[in-house]
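The structure presented is a predicted model; accordingly, all values stated were derived computationally and were not measured.
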Amino acid sequence: MKPFIHAKWVSAEESDFAPIILKKFNAVKGERAVINISGLGFYELFINGERVGEDFYKPAVSDYAPRDFSRYTYPLSDKTSHRVYYNSYDITKYLKSGENTLAVMLGKGYYCQKKRLAEGDTSFGERLRCMFEITFRGNRKVYSDGREKVAESFIKSDNLFYGETQDFSDFAGFSSGCFKVVSNVKVEEYPEKLYRQRCPSDGIIRKIKPIFIGTDGNRKIYDAGEEISGVVALKTLSDKVIVRHGEKLENGKINFDTSSGYSDQISTDIYLNAQSCGKVFPIFNWSGFRYFDVEGEAEDIEVFVIHSRVRQTATFECGNKTLEWLFNAYIRTELINMHSGVPMDCPHRERLGYTGDGQLTAETAMLYLSGGSFYEKWIADIADCQDISTGHIQHTAPFFGGGGGPGGWGSAIVEVPYAYYKVCGDKRILRKYYRNMLRYLDCIEGFCENNLVVKERDGGWCLGDWCTPEDVAIPEPFVNTYYYVKSMRQVEKIAEIIGEKVDYSKETERCLAAMKREYYDEKSGDFCGGIQAANAFAILIGLGDERTKKNLIGKYSETKTLDTGMFGTDVLAEALVTLGRTDILVEILSGDKKPSLGYMKANGATTIWEGWSGYGSMAHPMQGACVKQFLYGLLGVSGDAGFKNITVKPEFIDNLGYIKAKIKLGGGVVKFDYVYENGRVKANIEKKGDINVKLIKGDTYAE
């Protein structure tokens, strides 16, 4: 039955505090009841004083409604699509006979975030809203109808980026009769369609006991031991306790630069008069941090690790401890950036679903994490942020501003659905978004001059690669045209898979000819002088000759280090594996000289940095997209869509010693046990479940 037939959106007056919407209703203890509920932005639901469920930051973030894009840093004229999610909970166990009290506390979330203005004013409105509908046995219903009351909560201010202030001085609790009513609700019109949330919500995944490491004046400093996303929970012993969060420790003090964006944006939580409240922590925002300091007296301090309930489905260990670190660092970095149905760039400074970062890591994440429904939701976000008339794809999804480019970012509408199909084997997702892909390619054609992608929107960004160790030298049109060609070929393949037909061969040939004309040196065989893995980009789309391959292999076998950015690193890794030189990739990833991933490990990192030297965020998954080559290159696995059938061809790779890995693929689990010695690899492969494994014994295979 369609939900919310009679329910109305209700809201409180504009206010800094987090309002509580109150509803009284009658029930019978043990009577089965299910609630459908949505909130704009985040909500917390209480029935008779008990918090319902264990989810956080709900409902999932979306592009809620039309906004005035002229308020953005880079204004657009695009018209995008919108949706709102709702959740369903069985609330039977919370009910009592007689009068019951429903309380919905509302936080600003992304819906009304008006303090961080780096991308402009991206908020949707001033008033927070909720809508709910309880269905009892026999189809009796209780729903939001405008007769609710508004009470003031203990949360006096909340902001995703700056933190939360809680004051318990005049708050008696959530039980019936303890509320101070301040006004009546307002009934709101909200035309956007509601969808049931299918992706996992956030939750407390684990708890860490932090270590006290020193003081900074009157502040005590603690170390969680690893970079995490989540909250500090504690019992306050004084009238005022302040908690600040950061990633770096320098000279015995927390350096907040990387987590604040080198600004005053320090994630700070303040607790007032909370001594009798037990353990307190932020309700409507998380922080990304390793270190935190506490001003005021507190005890029983814990760190709650919070992110989307996405499970790790793969393990990897080997004799090369840098590669082992890299695998685990990538998993941790990806997980702590998965919140409210969005794969984010970082868990603190921006917290945006950048389409460039997200398309890079989508396949890797779905290979090693239970991320299918998570990414299915995010693909809908990408489609929602597509301009209805032109097909232009925004740089973040849901769209909250941010810079990027037409190729590496916009191609997310092609790359992420295809990665979903490749890992999950579900054609449905390709059919659903096929027309979006065609419209995107039509849009990119309009950004071309002389068959090269040279621009995006006027006044906006048009990046190629990003976050290279030195200045970006590889030309933006070269990188953007690479993704244009790749997307056209991918869409041709997708069309064949779903029984459609499209032919981009003429457009592809023209673009390839233009890339060769502008960037190829006939004398050397190099593209763009071989800088920043330009030859790898060329090789993967069929450009160049044997000299191009030889030059690529020669350069990186000699330097054994990276000069690439977020796209180039992924492309280089794929090219080396494709050329059968996984050994060079291992050497590059194992090095600890700057710039390298090993340099991060050598400097105590537990997550992957945004910048190779440590500038910027210290928890950006984008540079870890290459970890998917652990499956394809190091383990020698290839397979059909959904990995129901896989082929394994182990080859000897120096500097590994051994590999022990376990990965959920298709309908089963495969265990890999490789030992490397005397130029040969001994491989033992075990499988459980519905998966077929074919072993091919290569030249270096040892019985």
**Q** Indicate yes or no for a side-chain donor-acceptor contact from R290 to the backbone of I228 under 3.5 Å, with no hydrogens or angles considered.
**A** no

**Q** Find the distance between CG (N328) and NZ (K601) and round it off to the nearest 0.5 Å.
**A** 11.5 Å

**Q** Hey, could you give me the OH/SG distance between Y632 and C626, rounded to the nearest 0.5 Å?
**A** 13.5 Å

**Q** Can E119 and T73 be counted as having a side-chain donor-acceptor contact under 3.5 angstrom?
**A** no

**Q** So is R351 actually on top of F161's ring, under 6.0 Å and inside 45° of the axis?
**A** yes

**Q** Is a side-chain donor or acceptor of T390 paired with a backbone partner of H392 at a separation under 3.5 angstrom?
**A** yes

**Q** Is the number of heavy atoms from other residues, nucleotides or ligands within 6.0 Å of CD (E496) greater than 12?
**A** no

**Q** Pairing donors with acceptors under 3.5 angstrom, does anything connect the side chains of S62 and H82?
**A** no

**Q** Could you report the tightest heavy-atom contact between A575 and L540, atom names first, then the distance?
**A** CA-CD2, 3.9 Å

**Q** Using atom types as modelled and distance alone, determine if a side-chain donor or acceptor of R439 lies under 3.5 Å from a backbone N or O of D387.
**A** yes

**Q** Start with the C-alpha distance between D384 and R83, add both sets of side-chain angles, then the distance that settles salt bridge (charged side-chain N to carboxylate O under 4.0 Å, His left out), and finish with yes or no.
**A** CA-CA 8 Å; D384 280 348; R83 71 182 67 210; 2.6 Å; yes

**Q** Around atom CH2 of W466, are there more than 12 heavy atoms from other residues, nucleotides or ligands closer than 6.0 Å?
**A** no

**Q** Ignoring hydrogens and angles, state whether a donor on the side chain of Y57 or W286 is under 3.5 Å from an acceptor on the partner side chain.
**A** no

**Q** Are E226 and R332 within salt-bridge range, i.e. N to O under 4.0 Å?
**A** yes

**Q** Do you know which two heavy atoms are closest between A383 and Y433, and how far apart they sit?
**A** CB-CE2, 3.5 Å

**Q** Would you please test D570 and K628 for salt bridge (charged side-chain N to carboxylate O under 4.0 Å, His left out) and show each step?
**A** CA-CA 9 Å; D570 183 55; K628 64 175 169 283; 2.6 Å; yes

**Q** If you count every heavy atom of other residues, nucleotides or ligands that lies below 6.0 Å from R428 atom CZ, does the total exceed 12?
**A** yes

**Q** Is there a donor-acceptor contact under 3.5 Å from the side chain of Q359 to the main chain of A412?
**A** no

**Q** Are the side chains of S259 and F289 in contact, using a 4.5 Å heavy-atom criterion?
**A** no

**Q** Where does the angle between the aromatic ring planes of Y375 and W378 fall among parallel (under 30°), tilted (30 to 60°) and perpendicular (over 60°)?
**A** perpendicular

**Q** State the OG1-CD distance between T606 and E247, to the nearest 0.5 angstrom.
**A** 9.0 Å

**Q** Can you give me the closest heavy-atom contact between D465 and F567, atom names plus distance?
**A** OD1-N, 2.9 Å

**Q** Take atom NZ of K114 as the centre, draw a 6.0 Å sphere, and report whether it contains more than 12 heavy atoms from other residues, nucleotides or ligands.
**A** yes

**Q** For the backbone of A60 and the side chain of Q197, can you confirm whether one donor and one acceptor N or O come within less than 3.5 Å of each other?
**A** yes

**Q** If I take atom CD1 from residue I498 and atom OH from residue Y434, how far apart are they, to the nearest 0.5 angstrom?
**A** 6.0 Å

**Q** Should the pair F56 and F281 be assigned to parallel (<30°), tilted (30 to 60°) or perpendicular (>60°) ring geometry?
**A** tilted

**Q** What's the verdict on side chain to side chain donor-acceptor pair (under 3.5 Å) for Y354 and W409, showing C-alpha distance, side-chain angles and the deciding distance?
**A** CA-CA 7 Å; Y354 274 96; W409 282 260; over 6 Å; no

**Q** Is a donor from one side chain sitting under 3.5 angstrom from an acceptor on the other, for D202 and H307?
**A** no

**Q** Using modelled atom types and a 3.5 Å cut-off, is there a donor and acceptor pairing between side-chain atoms of T333 and backbone atoms of I608?
**A** yes

**Q** Using only atom types and a distance under 3.5 Å, with no angle test, would you say the side chain of W612 pairs donor to acceptor with the backbone of T564?
**A** yes

**Q** If the test is side-chain hydrogen bond (donor to acceptor under 3.5 Å, both in side chains), which one of K115, K108, Q113 qualifies with N159?
**A** Q113

**Q** Just checking, any donor-acceptor pair under 3.5 angstrom between side chains of Q265 and R349?
**A** no

**Q** Around K687, counting heavy atoms of other residues, nucleotides and ligands shown, do more than 12 lie under 6.0 Å from its NZ?
**A** yes

**Q** D345 side chain to L352 main-chain N or O, any donor-acceptor pair under 3.5 Å?
**A** yes

**Q** Please check if any side-chain donor atom of Y89 sits under 3.5 Å from a side-chain acceptor atom of N36, or the reverse.
**A** no

**Q** Might you point out which heavy atoms bring C385 and T80 nearest each other, and give the distance in Å?
**A** O-CG2, 3.7 Å

**Q** Out of curiosity, C199 SG to R309 CZ, how far, rounded to the nearest 0.5 Å?
**A** 11.5 Å

**Q** For S201, is there any backbone N or O sitting under 3.5 Å from a side-chain donor or acceptor partner on S308?
**A** no

**Q** Taking ring pair (Phe, Tyr, Trp, His ring centres under 6.0 Å) as the criterion, tell me which of F69, Y72, Y111, Y110 meets it with F400.
**A** Y110

**Q** Whether the side chain of Q623 engages the backbone of T569 through a donor-acceptor N/O pair (distance < 3.5 Å, no angle test) should be reported.
**A** no

**Q** Would you call the rings of F292 and H245 parallel, tilted or perpendicular if under 30° counts as parallel and over 60° as perpendicular?
**A** tilted

**Q** Between Y85 and A380, what is the shortest heavy-atom contact and its length?
**A** OH-CB, 4.3 Å

**Q** Any salt bridge between E686 and K660, counting N to O under 4.0 Å?
**A** no

**Q** Does a side-chain N-to-carboxylate-O contact under 4.0 Å join D381 and K377?
**A** yes

**Q** Any side-chain donor-acceptor pair under 3.5 Å between T578 and E574?
**A** no

**Q** For T313 and L369, which heavy atoms make the closest approach, and how far apart are they?
**A** OG1-N, 3.3 Å

**Q** R198 vs E376, test: salt bridge (charged side-chain N to carboxylate O under 4.0 Å, His left out). Steps then yes/no.
**A** CA-CA 9 Å; R198 305 288 182 184; E376 186 172 356; over 6 Å; no

**Q** Rounded to the nearest 0.5 Å, what separation is found between the CH2 atom of W609 and the CE atom of M600?
**A** 6.5 Å

**Q** Between D90 and T92, do the side chains contain a donor N or O and an acceptor N or O under 3.5 Å apart?
**A** yes

**Q** Identify whether NZ of Lys or CZ of Arg in K58 sits under 6.0 Å from the centre of the six-membered ring of Y43 and within 45° of that ring's axis.
**A** yes

